[in-house]
Every structure is written in structure tokens, then in C-alpha cells.
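First comes the structure, then the notes that go with it.
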Amino acid sequence: MSAPANAAEQSELTVSSMIKEIQGLKDKFKDEDEELPSPFADLEKATVLQECRCFSDQDVVTNNPRLCATLITKLLHIVTQGESLSSNEVTEVFFGVTKLFQSPDPYLRRMMYLFIKEVAETCNPDDVIIVTSSLTKDMNSNDDLYRANAIRVLARIIDGQMLGAIERYIKQAIVDKNTLVASAALVSGTHLMRVGPEVVRRWTNEVQEAVQSSSDMVQYHALSLLYEIKKNDKLAVTKIVTQLTRTSMSSPLGVCLLIRYIGKILDDDPESASNRAVLQFLESSLRHRSEMVIYEAAKALCTLPFVEERDLGPAITVLQLFLSSPKPTLRYAAMRCLSEVSNRQPAALVRCNDDMEALISDPNRSIATLAITTLLKTGTESSVDRLMKQISSFMNEIADEFKIVVVTAIRQLCLKYPQKHRVLVGFLAATLREEGGFEFKKAIADSIVELVHAIPETKESSLFHLCEFIEDCEFSALSTQILHLIGSLGPSTTAPARYIRFIYNRVILENATVRAAAVSALSRFATEVPSIRESVMVLLRRSLLDEDDEVRDRATLSLVALEKAGEVKLGDDGEALPTPPGAPGDGGAGAQLLLEPLPMSFAQLERAIKLYDAHGGLDDSGALTLTALPVVEEEVYVKPPESALGGLGPGKSVAAAQAASAGPGGGAGGGDA
């Protein structure tokens, strides 16, 4: 054996031995990698409450603060798991927690603050007073951490009557030099607006002073509270915003908040005289050093109700630069904003198409989906074929929720460029036959049906695609709706007989609900296409022995109506000849009843029959007719969906929808039996 062969064999042995060694180590440490059980898994409330009695022992509180903190953690776990404490238990625990204020341990003090905030809302207000004095003492301490947390807790547990007692301390804290204390006071003021708004409004001077703070976080919280105080006075809000646009706020978060307030002002009063100044501020914010301020300003400009395409230029340029950012958050934010702009002014985004096409292969599927849907809205007719090729490989990599968004965009593109219906409908049909859930398949079917009604040239090809789909459809609701559609539109096509095979396959292979819908569809073909009536009647007779009574009833009723229509004679060309005068039968008048919807909904029909029976109508020997039933009005109307397979149009009621799908036997001709 040659030397290279020996070396290769030794290499194989080495690799295989390493794989075995790694597998052995994996099995060895398998148990160690398993998730450890929670230390609070088997806690009992009575046991923990018993252990909490050590809060009264000063030695434990002073020398073992970690034990007390652990007990508070257990109590919080019990409360957050949904187990409630009785009023006596809460009172006892509160008394114990007040004694923990003797400990100077900062970790224990923070756990106490957290426990008081969580439990104070469920306890007696008289018990809250127990800890209020201790918290007030902390609020005046020299430790800034205690002061800030005490203010936060007090804001959560006090009511409007007690607010006046601590108002002076909170006003001092708002202008405190320590940013942690000032931010805590400002955030607490925002929460206290729900408790005592009149008291908080008296802090306006202190809040305005805090807006000029050198701390970014204090500026942000101060502006938020100032807006809450003034938001009901539009003139005051406009004055504050105008003043702040003339100054340079150092806080990027504060500037973002200011931009949002500007957007609200422009939405409420687009014709205001001060709009020019704030618009200039928005444009200048596009050159801010902070990326989030730039994005917020661009978003505000893009969402203005009165903005024109030429005014969008600077904002679109900034968002276009974000599309090539290495940060996924910036790419997603920019893509989302551009997607919203494309709904209103797609022409403004044409220059971004190259950058958006590069994002189709982005590893973040949300970004790629937004890029695809936006390109479908902004693309030209010549770019449709190229986009479809790119989407074909993309669809297999995303979830159903993203696929639905893409399908909706393709439908809108087809309505925009009807000449491309062959490519777009073909893509939808191919996607329909792939794996997917009910909502995804229903979105495609809805899109195809809407295109059938909007673009008549797609009718025959679309019906054929739907026929192929129901051959392997696992959703009965979709199958019945598609069968109803085929029964409604199929007879008017150039070759209606081609659909009979697909419909009858459902009679043989499907469940009772789909079989009933298929029988109704066959009945419509037999009624509207006399040349195939005899052949269809042969198929209907096979359903007379069906195991489901609804299927048998529909088949029986259809056959009776079709037999009354009389025999159909065919000419040399295979078309039905007109029925001569005096020939037996009713000339198809009875069969036409199969095409007419019920004059009322099923709910109305049920109530009408009950009223008819209550007045003794069923005791009569005469036949029960619709004209003999009392009139029952239905006043409930719902907004129809964007596209219903049953052919719902704007303004139709539930009754009209149900009546439109009514088939033989009073059942839903295209819906579930």
C-alpha cells in the first residue's frame, strides 16, 4: 500500500475517533445541560408567611438582610403566580415590611420598594398609611437611590388626598441636581396626573425649568410631563413646541418626542400660521447627529397629510441611505416607512428601487418582505417579470404571515397592470399548490376571485387553476366556496363541460359538506347548459343513495326540477334545440328555481316558520309557501370583506350573502352544508 493511502486511512481513523470522543462527551454532559428546576417551584403560601415572621426579629433584619430579601422574593413569586393574599395576611406582611426599614442594606431596600409597589394596590388603604411615613422619611434622606425609589413607590400607592402632603417634596425633587431623583419625580408626576391632575398642574414652573436641564433623560421626561399638563390647551402646546424648536435640545429622545408633538399639531391644524417654522425644524432635524432623530423627522415628513411629492425628497434621500446601513433596525425602520409612503405616492420611491431590490436577499425576512411588497407597488410594468423570478425563490423561505402580505401586493399589482395578468395569476396559482395554512390559501383564492371579477380575461384560466387546487385541497371551507364559484361562473364559459370532471370528483372523494356543494354546482350546470343536462342528471342520480341526508335531498330536489323541464334535443352541432310549443314539461321554468336565491336569510326563514306555527298555520291542510309566511325583518348588517368567494359586493347584507349561496334543499349552495 502506498504512503498517501496509509496517510488517508490514518486520517479517517483519526476523524472517526474524534467524532466518537465528542459523542461520548455529549452523552456525559447531557444531564448537566438540562434546565435546572426553579427554586420557587414548590412554594406554599402558609410556609412562606410563617417564615416572614422573622421580619420582627431585629437581629435577623440587621445581621441577615439577604434572608429577608429572599423571603420577599418568594412572596412576590407567590403573588405573581395568581395566588392572592387575604386582608389579614397583607396587613401582617405590611407590618413586617415596615420593620425592615431598620436595615441599611441597599439590596433589601430595593426589594422592599418592589414588594410595596406590587402589593399596595390590593390591600386596604388604611394599611398603606403604615409604610407612607417610612417612604416619606426615605424621600428626605441623603441617599439619592433611596430618594428616587421612594418617590416612585409613593406615586404608585397614594391617592389624591395624600398627594398634597408630599407635593412640596416632589416639586423640590423635580429641580434636584441629581438626575436620577429628578427623572423619578418627573415620571411620578406623569403617573400622578391620573390621581390628582389639578395638583400636578401647579408644578408647571418646575417642569419647564427641568426641560432646560443638561441631562438628556431629565429633558425627555420633563417634556413628556409638560405635554401631559398642557395637552388639553392646543394654543399652549403650540407655543411650547414653537419655543423649543428655536432652542437646541441636547436630548435625542426629547427631540424625538418634540417631533411627534409637531406631527400631532400638523395633523390637527394643517393650515396653522406656525406650520412653516415647525416644518423647517423637521427638515433641519434630518441633519441631526442622532440616527433616531433623523428617522423620526423623516417619518414625520412622510406621514404629513398635505405633503407633496417634491417635499418628500429630503426625507426619501435619508431613508434611502438607511437602506444600506449595517444595522438591521435602521434598514427595517426605513423599509417600513417607505412601504407606507408607497401606498400614497409610489412614484416618489422609484429612485429607491435598486436599493430595495438588494434587500430581497436580506437575512432578516421581515425586511425582505417589506422590500418585495414595496417593489410590487412602485415597480413598472416592464419590471414585473423580473420581480416574479426573484419572488419565486423568496416565497419558500418565509412564514405564511409574510406570504399573505406578498400575495396582497401581487393582487394590487395585477389590478394596476391588467396586461400582466397571465404572469401574475400564474404565479398565484403555482403558489396555491404549494404547502401552506388555511389563511394563506384563502388569501390566494380571494385574490384570484377578485381578479376574475375585475379582469374578465382571467376568468377561464383562473377557474381552471381553482379546479386543479380543489383536487388536492385539505380545507373543506375553501373547497365548498370554490365549488360555488365554479357553479356560478363555469356555465358561462366557452367549454363548460370541462369542469364537470373536477366537480364530480368531489362527489366521489370528499366529505359530506363538500359533496353537497358539488351536487349544487352540478345542478347549476345542468340548468344553465341544456346540452349536458342529461349527462349531469346521470351523475346526480348516483347521489340519491348517498349516506348523508343533505346530499340526498339536494340531488332529489335537483332531479325533480330538471325532469319537469322536459327532454332536451340536441342538434347536429351538439347544441340544445329550442323546445317546441306544446311539448311536455315546463320549458325549464322549474329548473330555473335552482338558480334563484332564497328571498330571505336562513335565520329569517326559521323565525318566520316559528311565527307561522305559533299562529296555527301548520294546522292548515294547504301547502306551505313562502308567500304564506309572515314578514320578518333583519336589521343586522356587517361590512363585507375585501373579497368574498361567494361574490359579496359592497352594501350587501348577511341575508343577501346567505341567499346568494342558497342551493337546492334550502342549504348553502356554496358553503358548508
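All of these numbers come straight from a predicted model, not from anything done at the bench.
- Between the side chain of R411 and the backbone N or O of S447 there is no donor-acceptor pair closer than 3.5 Å.
- Note that OG of S531 and CZ of F525 are 11.0 Å apart. Values are rounded to the nearest 0.5 Å.
- F475 approaches G437 most closely through the heavy-atom pair CZ-C, 3.8 Å.
- Donor-acceptor pairing under 3.5 Å is lacking for the side chains of D355 and S324.
- Two residues are said to be in side-chain contact when any heavy atoms from C-beta on lie closer than 4.5 Å; R515 and R506 fail this criterion.
- Residue R498 places its CZ atom among more than 12 non-hydrogen atoms of other residues, nucleotides or ligands, all under 6.0 Å distant.
- In terms of the side chain to side chain contact (heavy atoms under 4.5 Å, CB included) criterion, D472 has no residue partners (sequence neighbours excluded).
- Residues in residues 498-523 take part in these ring pair (Phe, Tyr, Trp, His ring centres under 6.0 Å) pairs, two or more places apart or across chains: F464-F502.
- Side-chain contact check for E450 versus L415: some heavy-atom pair is nearer than 4.5 Å.
- Interatomic distance, Q604 CD to I609 CD1, rounded to the nearest 0.5 Å: 12.0 Å.
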Residue pair E340, K299: steps toward the salt bridge (charged side-chain N to carboxylate O under 4.0 Å, His left out) verdict: CA-CA 10 Å; E340 293 175 357; K299 180 182 176 183; over 6 Å; no

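- A donor-acceptor pair is defined here as one N or O able to donate and one able to accept, closer than 3.5 Å; no such pair exists between the side chain of R552 and the backbone of L545.
- To the nearest 0.5 Å, atom CG of residue L375 and atom CD1 of residue I391 are 8.0 Å apart.
- Looking at residues two or more places apart in sequence or on another chain, you find a side chain to side chain contact (heavy atoms under 4.5 Å, CB included) between A409 and T373, L376.
- Note: F427 CZ to M388 CE = 5.5 Å, rounded to the nearest 0.5 Å.
- Going from atom OH of Y332 over to atom CD1 of I367 covers 8.5 Å, rounded to the nearest 0.5 Å.
- Side-chain contact check for L359 versus I372: every heavy-atom pair is 4.5 Å or farther apart.
- Contact check for C337 versus Y295: side-chain heavy atoms found under the 4.5 Å cut-off.
- Under a 3.5 Å cut-off, the side chain of R365 and the backbone N or O of D362 do form a donor-acceptor pair.
- By the 4.5 Å heavy-atom criterion applied to side chains, M292 and E296 are not counted as neighbours.
- Taking both residues in full, the closest heavy atoms of I360 and A371 are given as N-CB, 4.5 Å, listed atom of the first, atom of the second, then distance.
- A donor atom on one side chain and an acceptor atom on the other are not found under 3.5 Å apart for R331 and S325.
- Among all heavy-atom pairs drawn from L483 and A518, the shortest one is CD1-N, 3.8 Å.
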Worked verdict on I470 versus I486 for side chain to side chain contact (heavy atoms under 4.5 Å, CB included): CA-CA 11 Å; I470 61 175; I486 296 171; 4.2 Å; yes

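- Using a 4.5 Å cut-off on side-chain heavy atoms (C-beta onward), D546 and V519 make no contact.
- Formation of a donor-acceptor pair under 3.5 Å by the N511 side chain with backbone atoms of V514 is found in this model.
- The side chain to side chain contact (heavy atoms under 4.5 Å, CB included) test with I500 singles out one residue from V529, N505, V536, and that residue is V536.
- Contact detail for L338 and T374: the closest heavy-atom pair is O-CG2, 4.1 Å.
- Classification of R386 and E357 as a salt-bridged pair holds, one side-chain N sitting under 4.0 Å from a carboxylate O.
- For S492, the side-chain hydrogen bond (donor to acceptor under 3.5 Å, both in side chains) partners are K459, not counting sequence neighbours.
- Side-chain contact annotation: T494 with E460, donor-acceptor N/O pair under 3.5 Å present.
- Of all heavy-atom pairs between L349 and M356, the closest is O-CE, 4.0 Å.
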Evaluation steps, side chain to side chain contact (heavy atoms under 4.5 Å, CB included), between I444 and T431: CA-CA 8 Å; I444 300 177; T431 308; 3.8 Å; yes

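- Using a 4.0 Å cut-off between charged side-chain N and carboxylate O, K327 and E291 make a salt bridge.
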Chi angles and distances behind the side chain to side chain contact (heavy atoms under 4.5 Å, CB included) call for H465, R433: CA-CA 9 Å; H465 289 316; R433 291 190 289 271; 4.2 Å; yes

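- Inter-residue side-chain proximity for I316 and C352 is flagged as met; some heavy-atom pair is nearer than 4.5 Å.
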Worked check of side chain to side chain contact (heavy atoms under 4.5 Å, CB included) between L319 and M335: CA-CA 8 Å; L319 294 174; M335 200 62 254; over 6 Å; no

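- Residues L312 and C302 have side chains in contact (heavy-atom distance under 4.5 Å, counting atoms from C-beta outward).
- To the nearest 0.5 Å, atoms OG1 (T556) and CG (L544) are separated by 5.0 Å.
- Between R541 and E563 a salt bridge is recorded (basic side-chain N to carboxylate O distance below 4.0 Å).
- Ion pair K442/D446 flagged as a salt bridge, since at least one NZ, NE, NH1 or NH2 atom sits closer than 4.0 Å to an Asp/Glu carboxylate oxygen.
- For Y417, the ring-ring contact (aromatic ring centres under 6.0 Å, His included) criterion is met by no residue, not counting sequence neighbours.
- Each of L463, V425, I448 was evaluated against T458; a single residue qualifies, V425, per the side chain to side chain contact (heavy atoms under 4.5 Å, CB included) test.
- Residues satisfying the side chain to side chain contact (heavy atoms under 4.5 Å, CB included) criterion with L286, sequence neighbours excluded, are A297, A298, L301, P314, V318.
- A donor-acceptor pair under 3.5 Å is absent between the side-chain atoms of E510 and the main chain of A516, judged by distance alone.
- Nearest heavy atom pair, residue V407 against residue A443, reads CG1-O, 3.9 Å.
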